[in-house]
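This report concerns only the one structure given below.
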Amino acid sequence: MILHDLISYEHLRLIWWALLGVLLIGFAWTDGFDLGVGALTPFVGRTDVERRIAINSVAPTWEGNQVWLILGGGAIFAAWPQLYAVSFSGFYLAMFAILMALILRPVGFKYRSKLENPAWRNAWDWALFIGGAVPSLIFGVAVGNVLQGVPFRLDQDMRIFYDGTFFGLLNPFALLCGVLSVCMLVTHGAAWLAVKTDGPVHARARAIGSVTALLTLALFVLAGAWLYHGGVDGYRFASEAARNGASNPHAKEVVRAAGAWFDNYQAAPWTLVAPAAGVIGALLTFIALRLRGEITALLASKLAIFGIISTVGVSMFPFILPSSEDPNVSLTVWDSSSSHLTLFIMLVCTVIFLPVVLAYTAFVYRVLWGKVEEKDITGENSHAY
């Protein structure tokens, strides 16, 4: 027996669907609070020192946290090439806006302290705000559009045609998801600042985070109600899915139907754990921030992120990118993956190297744990931003 046949094609596809979710959640857990802190910087700090405290709470780790974004993009490219091709070409301008915003973050970190001019530093603080808020918004808008279906089609030669526009992405439901994403990550950033800082920055972060935690809860419930009451159609199979066959999006029939994104919850009630985690996590974050339970708030924020992202994946399964133009060519877990051998080789590499990434990340956080104080950034030998 060939080694890669030890795991069936169907199971490998399912494993990589789950691993993609792990990478997205890992990115939101780590780089998510970096984005949140960036968006909060002009508001939690009223003096230059206070803003530097906020910035230096993420300065040692933000670069490493972006590994999860790179891993996620790489996993999509290698495991789901058609998903990569459609999303990165169809959402090209949106991706470009994310890239430009993310570039502002390292530039802001590096250039902010080059001059002591208040106007100079204030401008870079707002650049950091853009670098945190814009990607958070666009990531959510992208998810909102995926839930509605993306206007693409495939011809018989598997050539991709995207018929949407950039401004077409900015529809009401997608914008709701975008604002939800911003609130979720700002809450995560506020919980991080509550752990890493003291004094005025700590107090303002708790106050803002309490508000955004409630907004996260309200917007998450509102988005679910919008889907449930037929404001956005879901997608379901109208034919049998070939789970172990060759990847061919044409080899199925799909229909759009109101409420279809709730089919999985009816078929497997245990999957309700995902939305429940989103609701409970957001509520616990609010309570913990109000009661000064900083570590609890950070863990609860992670629970909320896990629940919200998992809810999208569970609701859509096995769809990963439905087509509003031609539902029959919607990309699913079963018909848009790489080959059996490719998925197996990638899994072996993941089993070897992912624990190394996790161990190194844990070591870095352990070494750099502790609150950022004024004396840490104002000393003569300080290397802080």
Side-chain angles (χ1 to χ4, degrees), residues 26-68 105-106 108-110 112-113 121-122 124-125 128-129 131-132 136 184-213 281 284-305 358-385:
F27 169 69
W29 275 359
T30 55
D31 207 38
F33 66 70
D34 297 333
L35 297 174
V37 170
L40 284 169
T41 296
F43 307 103
V44 296
R46 295 179 181 173
T47 67
D48 182 62
V49 170
E50 290 175 356
R51 292 184 177 186
R52 289 184 65 196
I53 288 174
I55 290 169
N56 281 281
S57 72
V58 299
T61 57
W62 73 269
E63 289 179 287
N65 290 340
Q66 289 195 138
V67 166
W68 294 97
R105 182 167 56 175
F109 284 151
K110 301 297 183 182
R112 183 187 184 280
S113 296
R121 294 191 171 185
N122 187 62
W124 285 115
D125 289 338
L128 291 173
F129 166 80
S136 302
M184 178 181 75
L185 296 183
V186 166
T187 301
H188 200 40
W192 176 256
L193 285 173
V195 171
K196 293 289 289 183
T197 66
D198 280 321
V201 174
H202 172 94
R204 294 184 195 115
R206 285 181 49 247
I208 296 173
S210 298
V211 174
T212 55
L284 286 178
T285 305
F286 167 75
I287 294 172
L289 285 173
R290 299 308 300 171
L291 297 179
R292 298 178 179 270
E294 290 85 3
I295 297 295
T296 302
L298 184 61
L299 294 176
S301 178
K302 289 180 180 291
L303 177 64
I305 289 171
L358 291 172
Y360 176 74
T361 301
F363 171 75
V364 170
Y365 276 89
R366 175 67 182 85
V367 171
L368 297 173
W369 195 251
K371 292 185 180 292
V372 179
E373 301 176 352
E374 183 175 344
K375 62 182 178 61
D376 298 322
I377 63 173
T378 56
E380 293 183 3
N381 297 321
S382 174
H383 297 285
Y385 290 134

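Values reported hereafter were calculated over all heavy atoms of this structure, with side chains retained and with hydrogens, waters and symmetry mates removed.
Looking at Trp192, its side chain never comes within 3.5 Å of a backbone N or O of Gly32 through a donor-acceptor pair. Under a 3.5 Å cut-off, the side chain of Arg112 and the backbone N or O of Trp124 do not form any donor-acceptor pair. Looking only at distances, no side-chain donor or acceptor of Lys196 sits under 3.5 Å from a matching main-chain atom of Lys371. Not a single donor-acceptor pair under 3.5 Å links the side chain of Ser301 to the backbone N or O of Thr285. Asn56 places a side-chain N or O within 3.5 Å of a backbone atom of Arg52 that can act as its donor or acceptor partner.
Between Phe33 and Ile305 the shortest side-chain heavy-atom distance does not fall below 4.5 Å. With contacts defined as side-chain heavy-atom distances shorter than 4.5 Å, the pair Arg121/Arg51 does not qualify.
Separation of atoms OG1 (Thr197) and CZ (Arg204) is listed at 10.5 Å; rounding is to 0.5 Å. Separating the OG1 atom in Thr30 from the CH2 atom in Trp62 is a distance of 13.0 Å, to the nearest 0.5 Å. Between Leu289 atom CG and Thr296 atom OG1 the span is 10.0 Å, to the nearest 0.5 Å. In this structure, Thr41 OG1 and Phe129 CZ are separated by 10.0 Å, a value rounded to the nearest 0.5 Å. For the atom pair CG of Leu193 and CD1 of Ile208, the computed distance is 9.0 Å after rounding to the nearest 0.5 Å. To the nearest 0.5 angstrom, Thr61 atom OG1 is 5.0 Å from Asp34 atom CG.
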Practice task
Please assess Trp68 against Asp31 for the test side-chain contact (heavy atoms from CB on, under 4.5 Å), listing each intermediate value before the final yes or no.
Solution key: CA-CA 8 Å; Trp68 294 97; Asp31 207 38; over 6 Å; no
Exercise for the section: Kindly indicate, with the supporting measurements, whether the criterion side-chain contact (heavy atoms from CB on, under 4.5 Å) is fulfilled by Arg105 and Leu35. Expected result: CA-CA 9 Å; Arg105 182 167 56 175; Leu35 297 174; 3.6 Å; yes
Handout entry: Trace of the side-chain contact (heavy atoms from CB on, under 4.5 Å) decision for Leu128 with Val37
Key = CA-CA 9 Å; Leu128 291 173; Val37 170; over 6 Å; no
Practice task
Could you walk me through whether Val186 and Ser136 pass the side-chain contact (heavy atoms from CB on, under 4.5 Å) test, one step at a time?
Solution key: CA-CA 9 Å; Val186 166; Ser136 302; over 6 Å; no
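His188 and Ala28 make their closest contact through CD2-O, 3.5 Å (heavy atoms, listed as atom of the first residue, atom of the second, distance). When every heavy atom of Leu284 is checked against every heavy atom of Ala300, the shortest pair comes out as CB-CB, 3.7 Å.
Heavy atoms of other residues, nucleotides or ligands lying less than 6.0 angstrom from OH of Tyr360 number 12 at most.
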